[in-house]
Amino acid sequence: MPWDPSGLPDAHGRTVVITGANAGVGYFTAEQLAGAGARVILACRDQERAEAAIAAVRRRVRGANVTAMPLDVTSRPSIDAAADSLLELGRVDALVLNAGMVHPPRKRATDEYGNELVLSTNVLGHFRLVARSLPVLEATPGARVVWLGSLASRLGRLHPDDLQLERSYTAWRAYSRSKIAAQVAGFELDRRLRAARSGAASIVVHPGYSTSGRTPGIRGVNQPSRAKRFADNLQAAWTQGKDHGAWAPVRAVLDPDVSGGDHLGPAEWTKGRPVHAPVTRASRSPRQGRLLWPLLEEAADQPFVVGGAGAASDA
Ligand SMILES: NC(=O)c1ccc[n+]([C@@H]2O[C@H](COP(=O)([O-])OP(=O)(O)OC[C@H]3O[C@@H](n4cnc5c(N)ncnc54)[C@H](OP(=O)(O)O)[C@@H]3O)[C@@H](O)[C@H]2O)c1
């Protein structure tokens with residue numbers, strides 16, 4: 001049976017944490033999972049925006065079990081506090097690493113630790129968060145970590161010797177590099193979890209090409225201008241709303257037939273039902289994974305050992 005995004009399995013009893021869930025794909029992932037009965041926690045950097053999103057989910061999903069926790073993925077104290085909160089929950093069935101900077105600055109910028117800002121936002125904060133919350137994920141049977149990749153990963157290359165783009169920054173390269181790194185890290189985590197015989201799984205998804213002008217208007221969450229609606233609708237043939245962009249992460253959280261190491265995306269590349277989708281060989285490369293992992297550990301200032309010091313990735 002093909003996966004039906006409008007007929008989700010019952011998710012009562014599951015706890016799902018979604019980063020950057022006050023807008024876009026993250027918001028709709030939260031709304032759809034709440035609609036299936038999951039307890040959903042929106043991990044957001046701005047309390048007002050988080051509250052607006054909670055109010056919207058409650059308006060649109062009767063009886064939704066939804067709360068917020070503070071998280072700025074570029075701030076280590078914030079990440080560490082969020083990880084502590086996850087450990088205290090005692091159960092996390094899925095952690096969706098959605099927060100992202102999708103419009104990088106034209107000029108290279110850095111976070112307060114000196115890391116290039118797009119890498120910091122789209123990869124390093126999540127890497128640190130997962131490393132620190134792994135005990136609760138491993139204690140929850142069948143827990144899943146879901147990474148947001150992108151078709152943009154097809155249009156660039158990862159250069160481990162210039163991961164921070166000190167020599168070659170452009171806005172486009174920064175985004176594409178960050179999404180390649182997220183995918184490589186997601187598949188490498190899967191190999192490390194398997195090698196350690198962990199019960200947790202790591203899955204990579206992408207939402208195709210999802211624009212806010214093709215997305216339902218929701219007060220406090222998605223209020224595009226008329227001009228934006230008009231412009232986005234001109235691209236309707238190859239785009240979709242962010243509500244449909246959420247289908248792949250939602251499937252990655254809920255489908256019992258999805259396993260660690262799977263890659264999901266829209267059936268028609270940029271839009272459509274969420275299906276098992278092809279991904280670049282470089283993203284799946286164990287060699288790239290082995291190269292990247294210690295660089296992420298160093299940049300995030302976070303050792304990330306799965307299953308004890310002896311565990312290693314497959315050759
Ligand atoms: N839309 C697409 O076509 C597309 C395609 C491929 C991949 N993706 C990926 O899908 C994810 C969501 O994209 P989107 O289109 O939904 O983007 P979006 O509408 O711009 O939403 C991004 C979310 O991330 C949050 N965020 C940004 N920086 C953050 C930080 N430092 N700490 C915590 N949260 C932060 C934003 O919060 P604020 O409201 O506080 O800024 C917002 O909630 C991203 O990872 C993106 O790379 C999207």
Side-chain angles (χ1 to χ4, degrees), residues 17-31 42-54 56 68-79 81-82 96-105 109 111-113 115 117-126 128-129 146-156 172 174-183 185-186 204-215 218 220-224 228 232 235 238-250 252 263-266 269-272 274 277 279:
V17 179
I18 304 160
T19 69
N22 58 283
V25 172
Y27 169 82
F28 287 97
T29 303
E31 185 187 289
L42 318 184
C44 306
R45 63 178 163 175
D46 183 285
Q47 197 187 336
E48 249 178 59
R49 288 198 284 268
E51 279 167 12
I54 287 178
M69 77 166 47
L71 173 64
D72 181 335
V73 291
T74 62
S75 158
R76 287 177 189 165
S78 174
I79 297 163
V96 182
L97 308 174
N98 166 81
M101 185 180 247
V102 292
H103 300 294
D111 66 12
E112 63 179 289
Y113 315 103
N115 288 310
L117 193 56
V118 186
L119 184 74
S120 169
T121 310
N122 294 4
V123 189
L124 299 176
H126 286 141
R128 186 176 175 107
L129 180 68
V146 180
W147 303 73
L148 265 289
S150 171
L151 287 174
S153 64
R154 298 191 159 270
L155 304 172
W172 167 254
Y175 184 70
S176 144
R177 177 276 335 253
S178 77
K179 289 292 144 181
I180 299 170
Q183 294 179 181
V204 180
V205 303
H206 80 88
Y209 186 12
S210 309
T211 65
S212 59
R214 304 257 297 128
T215 304
I218 300 180
V221 173
N222 186 54
Q223 297 170 289
K228 171 87 178 136
D232 284 3
Q235 304 183 62
W238 60 89
T239 62
Q240 62 182 355
K242 297 196 184 192
D243 49 337
H244 291 190
W247 286 349
V250 168
H263 177 254
L264 305 179
W269 287 89
T270 52
K271 64 178 200 170
V279 69

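Order of appearance sets the numbers: ligands from 1, and atoms from 1 within every ligand.
In this pair, W172 and Y175 present their aromatic rings tilted. The plane angle is within the 30 to 60° band.
The nearest protein atom to atom 31 (N) of ligand 1, hydrogens excluded, is given as D72 OD1, 3.0 Å; this is a heavy-atom distance. In terms of protein heavy atoms, atom 25 (C) of ligand 1 is closest to G20 CA, 3.8 Å. Among protein heavy atoms, atom 34 (N) of ligand 1 sits closest to A99 CB, 3.6 Å. Nearest protein heavy-atom contact of atom 37 (O) of ligand 1 is N22 OD1, 3.5 Å. Nearest to atom 7 (C) of ligand 1 among the protein's heavy atoms is G149 O, 3.2 Å. The shortest contact between atom 10 (O) of ligand 1 and any protein heavy atom is with L148 CD1, 3.6 Å. Ranking protein heavy atoms by distance to atom 47 (O) of ligand 1, first place goes to Y175 OH, 2.7 Å.
Within the 4.0 Å heavy-atom criterion, the part of K179 lying near ligand 1 is the side chain and not the backbone. Residue contacts with ligand 1, taken as heavy atom pairs separated by less than 4.0 Å, involve L71 solely via the backbone atoms N, CA, C and O. At a 4.0 Å heavy-atom cut-off, ligand 1 touches V25 through backbone and side chain alike. At a heavy-atom distance under 4.0 Å, atoms from both the backbone and the side chain of N98 approach ligand 1. Heavy atoms of R49 found under 4.0 angstrom from ligand 1 belong exclusively to the side chain. Counting heavy atoms closer than 4.0 Å to ligand 1, residue Y27 contributes nothing at all.
The OH atom of Y113 lies 4.5 Å from the OG atom of S75; values are rounded to the nearest 0.5 Å. Between atom CG of residue N98 and atom CG of residue N22 there is a gap of 9.5 Å, rounded to the nearest 0.5 Å. In this structure, the separation between CG on L148 and CD on Q183 is 10.0 Å, given to the nearest 0.5 Å. Going from atom CG of D72 over to atom OG1 of T19 covers 11.0 Å, rounded to the nearest 0.5 Å. Separation of atoms CE (M101) and CG (L119) is listed at 11.5 Å; rounding is to 0.5 Å.
Between the side chain of R49 and the backbone N or O of C44, no donor-acceptor pair lies under 3.5 Å. Using a distance-only test at 3.5 Å, with no hydrogens or angles considered, a donor-acceptor pair links the side chain of N222 to the main chain of S212.
Of all the atoms in ligand 1, the ones that sit under 4.0 Å from a non-hydrogen atom of A23 are 43 (O). Taking every heavy atom of S150 and a limit of under 4.0 angstrom, the matching atoms of ligand 1 come to 6 (C), 7 (C). Below 4.0 Å from some heavy atom of T74 lie the following atoms of ligand 1, by number and element: 31 (N). Interface atoms of ligand 1 facing G24, defined by a heavy-atom separation under 4.0 Å, are 16 (O), 19 (O).
Below 3.5 Å of separation, one finds an N or O of G100 facing an N or O of ligand 1. Backbone and side-chain nitrogen or oxygen atoms of T121 are examined, and none is located within less than 3.5 angstrom of a nitrogen or oxygen of ligand 1. For ligand 1, the polar-atom distance check finds an N/O of V73 within less than 3.5 Å of one of the ligand's N/O atoms. Remark: ligand 1 and D46 share no N or O pair separated by less than 3.5 Å (distance only, no angle test). Among the atoms of Y209, none of the N or O lies under 3.5 angstrom from an N or O of ligand 1. Between S210 and ligand 1, at least one pair of N/O atoms sits closer than 3.5 Å.
Of the candidates S212, G208, A246, it is G208 that places a heavy atom closest to atom 5 (C) of ligand 1. For atom 18 (P) of ligand 1, the nearest non-hydrogen atom from the set K242, H126, R45 comes from K242. When the heavy-atom distances from atom 20 (O) of ligand 1 to V102, T29, L97 are ranked, the shortest goes to V102. Of the listed residues (P249, S153, P207, S75), the one carrying the non-hydrogen atom nearest atom 8 (N) of ligand 1 is P207.
What you find for P249 and V96 is that their closest heavy atoms are CB-CG1, 4.3 Å. Shown here for R177 and V118, the closest heavy-atom pair between the two residues is NH2-CB, 4.0 Å. Shortest non-hydrogen contact noted between R214 and D243 is O-OD1, 4.4 Å. Contact between V205 and A252 at its shortest, heavy atoms only, is CG1-CB, 3.6 Å. A pairwise comparison of heavy atoms in A53 and Y27 identifies O-CE1, 3.6 Å as the closest pair.
Enclosure of atom CD in Q47 is not indicated, since only 12 or fewer non-hydrogen atoms of other residues, nucleotides or ligands lie within 6.0 angstrom. The number of heavy-atom neighbours closer than 6.0 Å to CD of E48, taken from other residues, nucleotides and ligands shown, is 12 or below.
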Inset, instruction - Assess whether side-chain contact (heavy atoms from CB on, under 4.5 Å) is satisfied between L129 and L71, documenting all intermediate values. - result: CA-CA 10 Å; L129 180 68; L71 173 64; 4.1 Å; yes
